[in-house]
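Following: one structure in structure tokens, then a few remarks.
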Protein chains: 2
Amino acid sequence: MGGPTRQLSRERVLRAAIGIADAHGLGALTMRSLAAELNTKPMSLYHYISNKDELLDALVDGVFAEIDLPVVGGDWRTEVRRRSVSARTVLARHPWALALVETRTSPGPATLRHHDAMLGVLRAGGFSLEMTAHAYAIVDAYVYGFVLQEASLPFDSADTANAVADSIMDGFPAGDHPHLVEFATQHVQQPGYHFGAQFEFGLDLILDALAARREGLAGC
Amino acid sequence: MGGPTRQLSRERVLRAAIGIADAHGLGALTMRSLAAELNTKPMSLYHYISNKDELLDALVDGVFAEIDLPVVGGDWRTEVRRRSVSARTVLARHPWALALVETRTSPGPATLRHHDAMLGVLRAGGFSLEMTAHAYAIVDAYVYGFVLQEASLPFDSADTANAVADSIMDGFPAGDHPHLVEFATQHVQQPGYHFGAQFEFGLDLILDALAARREGLAGC
DNA sequence: CAAGCGTATCGTACTTAGTACGACGTACTT
DNA sequence: AAGTACGTCGTACTAAGTACGATACGCTTG
């Protein structure tokens, strides 16, 4: 876009790829669209990435790099909470990333650094190895799953929720799905409703529960 | 496969599609491969599905249909637990389903029935509308996220975990990622390790925490 | 300055996938 | 017996990934 065509670079390629995926979805990210965005031709890209799969791996790692690293010295609850909020924000900004995570199985450097920091914070916080495994699995399951739900919501705001609900309910006998109807009309379609606002409630609930079992002491 | 080519039907098409996705992944599910599996030609399929997108929608709904429906009369904790374990089992059996969930935004009949039952169980269990929203969001985030993690693990068993860990650590200065190394050697590579076994621990932790706040009473 | 070389770029074309269009056959109706 | 509707499929167009090899540009070396 504008200006003389600068030299290509792996950096520029990756940045442009993220831009396309953010703006138009993963489906719009093709070698051709990527080349066009960079004012070049598809085959020129293959000097910086060996194939599209490797490009996708790099994108995932790039997203992980955007997430706040927890600080190993600090209070475990504070650090885990901060990085979880950050992870959720970042993943919501790049909704295509989660779909990729599921397929890619070769973690990049930023991903590894991230995992290492999280494990370090939990261990330093007094969690046993086994409880560290539990805690990390639970927190990440929650974060990923929450983002996944956000991404698959058929609506963005209460406004569109209305229309969507109506269109879905069409074609079903009235009285079917009574709880869904109650939920939609009495909760989702209320003024201040915003699905995303629930994130921190659940996160704190989970962190509380983990704190209570940090060293194996039973519940309350 | 074998026998005279029976009459096609939407049922047979969907069943074959699920079979291919289970066996060889979503990527292997093409209109051509699907046609071949059914001893027919690609264009014949279009009499039963209007396009591939609609096929994918139908697949997602088919997967939801496999999940145990919670019983609205029963104890909320028992029912939510049972259906969550079932959901995790089903989604693990069809690992491609989660990737689809993220893109599809028009829920099918089985999906709606499922949501309705879950909401009903929670409401009947004494949860306020708001706490129902929280509880459902948290439980499902956990279930989805856990399955997502399982699906993206680079290994299936402790055996392969070993090899994978080694190959990943190659190319990094020794001493980098100390916590990751500790975690891998002291925990993941121990005899009985199995990531999936953590599922119920986390689920119970979350259900305990929800029970404690069911009606807004503070923590312990 | 000329010759040579490595690297970045790109033109062409092959392959796989989704699917539009319309022809064909079979079975059931009238 | 003739028509009709529906299921089937042959052909072909489009989009996308990428192999192969040619080209072009800039830097080194004699």
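Note that these values count all heavy atoms, side chains included, but never hydrogens, waters or copies made by symmetry. Proteins get letters first, then strands, A, B, ... in listed order; numbering begins at 1 in each.
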Note: [X]-[Y] ion pair, threshold 4.0 Å (strictly below):
X        : Y       : result
A:Glu79  : A:Arg83 : no
B:Arg10  : B:Glu54 : yes
A:Arg104 : A:Asp53 : yes

Measure [atom1]/[X] against [atom2]/[N] and give the value in whole Å, please.
X       : N      : atom1 : atom2 : answer
A:Arg32 : C:dT12 : CZ    : P     : 13 Å
B:Glu54 : C:dT19 : CD    : P     : 11 Å
B:Arg12 : D:dT8  : CZ    : P     : 10 Å
B:Met43 : C:dC24 : CE    : C1'   : 15 Å
A:Met31 : C:dT12 : CE    : C1'   : 17 Å
B:Asn51 : C:dC21 : CG    : P     : 14 Å
B:Leu29 : C:dG18 : CG    : C1'   : 12 Å
A:Arg10 : C:dA8  : CZ    : P     : 13 Å

Whether [X] contacts [N] is assessed here as follows: a side-chain N or O lying under 4.0 Å from the phosphate OP1 or OP2. Is that the case?
X       : N      : answer
B:Tyr48 : D:dT8  : yes
B:Thr40 : D:dC9  : yes
B:Ser44 : D:dC9  : yes
A:Lys41 : C:dG11 : yes

**Residue closer to the 5' end of DNA chain D, B:Pro42 versus A:Ser50 (nearest nucleotide)** = B:Pro42
**Asked** With both distances under 3.5 angstrom, what nucleotide forms a Watson-Crick or G-U wobble pair with D:dC9?
**Response** C:dG22
**Prompt:** Looking across every strand, which nucleic acid part, if any, lies under 4.0 Å from B:Thr30 by heavy atom: base, sugar-phosphate, or nothing?
**Reply:** sugar-phosphate
**Asked** Mind checking whether A:His115 and A:Tyr136 have ring centres under 6.0 Å apart?
**Response** yes
**Asked** Can you say whether the rings of B:Tyr142 and B:Phe199 are parallel (under 30°), tilted (30 to 60°) or perpendicular (over 60°)?
**Response** parallel
